[in-house]
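Here's the structure we're looking at; comments come further down.
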Amino acid sequence: MITLAQARALDEADPLRPFRDRFFLPEGIIYLDGNSLGALPKAAVARQGAMVEEEWGSELIRSWNTRGWIEAPQRIGAKIAALIGAKPNEVIVADSTSVNLFKLIVAAAALSDRPSLLTEAGNFHTDLHIASGAAELTGLRLDIAPRAEVEARIGPETNLLLLTHVHYKSADRFDMAGVTARAKAAGALTLWDLSHSAGAVPLDLNHDGAELAVGCGYKYLNGGPGAPAFLYVAESLQDRLMPPLRGWMGHAEPFAFTDDYRPAPGIDRFLVGTPPMLSMAALESGVESFAGADMDSLWAKSVALFDLFRDLVEAHCPELGCISPGDPDRRGSHISFRHPGAFELCQALIADGVIGDFRAPDVVRFGLTPLYLGYEDVFVAVERMRAILDTGRWRDPRFAVRGKVT
Ligand SMILES: Cc1ncc(COP(=O)(O)O)c(C=O)c1O
């Protein structure tokens, strides 16, 4: 098994190591939750300062034109497009993932009179909740199938297939090209939630034939707490979809102030209201923190970090059962384990400076973010976990206290 010195040597030889300096990482903390809230890019601190003092403070409302505020949704969308294998005009930044799911489900539902919206049981709950509301409004039937049966359930009744590409808990990954092709062959559209994929796994939406997608800005894209989300619509579909939320920013001429609604051409019609510029600026810094790093190298490092994590846990913490797939092609960039005291273990780890998270009922989850995480981090994290398990310290009642956010 690897030693600490060997882990350090791996970090020294790692060509991605310099990217770590782009982030503010608190001393003594091993941050394994970048799949939930990405670390703070140092550039975001300076950018926020300039945004507040110069752009908002001095330039005031003129900044919409003079500082490119009004183009921010398209400009940042194009930068995200480069990370996910889409054309620059196919991605736009707007709203939250939940709201974007609603917009695309309702818009897509109107394209055919097929009755079924098909999704996976155990999908991220916001996807299921939004799908149930959208189904009720559009008259669709919400069909929720166990993961193993989803593909077989695609058929002539399927209007839209809604799937999360990388599962938030287990990290299981769907075969985007295969599933999309299967749905297409049956005459159905597919909407992918890329919240745990964008900036985490190599994506090629155009190559894989993806039609619709949404994703979070605050996870691997490092856009800051509650960062705006993105949505993707394949070029060929854009002008066929009518947005259900018809805000002025998605109008063909927002500043004509007309009473009638005319959707903007292309992806712009999926904007709703005024972009939140402080948050947009932070997201732009987050997306720019990928500049110069290609997704294949990041993915190769994610795979190496995963293997190291899994092997160390297998060797030193056998009471934890890994639930993430061993095959890299079938998973995302986090690793999850089952343990009956997962919540308490997670809290004990946080108290010892190792931040992961807990997912009900019994999963402890660790995000592997190759931009700013190293081999030594993984080594030390597992060492601290072993110490907590050995001493049984996780059973301390103070670790059982649950906050609103777990
Ligand atoms: C798969 C998935 N979709 C959506 C969300 C959250 O959406 P929102 O940003 O609208 O809260 C999450 C958050 O963890 C997620 O994991």
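Atoms within each ligand, like the ligands themselves, are counted from 1 in listed order. All values reported here derive from a predicted model rather than from experimental measurement.
- Of the protein's heavy atoms, Y218 OH, 2.7 Å lies nearest to atom 9 (O) of ligand 1.
- Atoms of ligand 1 lying under 4.0 Å from at least one heavy atom of T164, given by number and element, are 1 (C).
- By the criterion of a heavy-atom distance under 4.0 Å, the side chain of D127, and not its backbone, is placed next to ligand 1.
- R153 has no carboxylate O lying under 4.0 Å from a charged side-chain N of E120, or vice versa, which leaves the two without a salt bridge.
- In this structure, atom 16 (O) of ligand 1 lies nearest to the protein heavy atom H196 NE2, 3.0 Å.
- For atom 7 (O) of ligand 1, the nearest non-hydrogen atom of the protein is T97 CB, 3.6 Å.
- Considering only non-hydrogen protein atoms, atom 12 (C) of ligand 1 sits nearest to F124 CE2, 3.3 Å.
- Nearest protein heavy-atom neighbour of atom 14 (O) of ligand 1: K219 NZ, 2.5 Å.
- Of the candidates F124, F174, W192, H165 forms a ring-ring contact (aromatic ring centres under 6.0 Å, His included) with just one, namely W192.
- Under a 4.0 Å N-O distance rule, the pair K103/D95 qualifies as a salt bridge.
- Taking the six-membered ring where the residue is Trp, H251 and Y261 present perpendicular rings, their angle passing 60° and hence far from 30°.
- A salt bridge between D307 and R310 is present, with a side-chain N of the basic residue lying under 4.0 Å from a carboxylate O of the acidic one.
- Atoms of ligand 1 lying under 4.0 Å from any heavy atom of S195, numbered from 1 in the order shown and given with element: 1 (C), 2 (C), 3 (N), 4 (C), 15 (C).
- Salt-bridge annotation for D21 and K42: absent, with no side-chain N of the basic residue lying under 4.0 Å from a carboxylate O of the acidic one.
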### Task
Please step through salt bridge (charged side-chain N to carboxylate O under 4.0 Å, His left out) for the pair R20 and D377, ending with a clear verdict.
CA-CA 12 Å; R20 185 182 177 94; D377 294 323; 2.8 Å; yes

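- Between R393 and E344, none of the side-chain N atoms (NZ, or NE/NH1/NH2) sits under 4.0 Å from a carboxylate O, so this pair counts as no salt bridge.
- At a 3.5 angstrom cut-off on N or O pairs, T126 does not count as close to ligand 1.
- Residue-ligand proximity, S96 to ligand 1, at heavy-atom distances under 4.0 Å covers atoms 10 (O).
- For atom 1 (C) of ligand 1, the closest heavy atom belonging to the protein is D193 OD2, 3.3 Å.
- In terms of protein heavy-atom proximity, atom 10 (O) of ligand 1 is closest to S98 OG, 2.6 Å.
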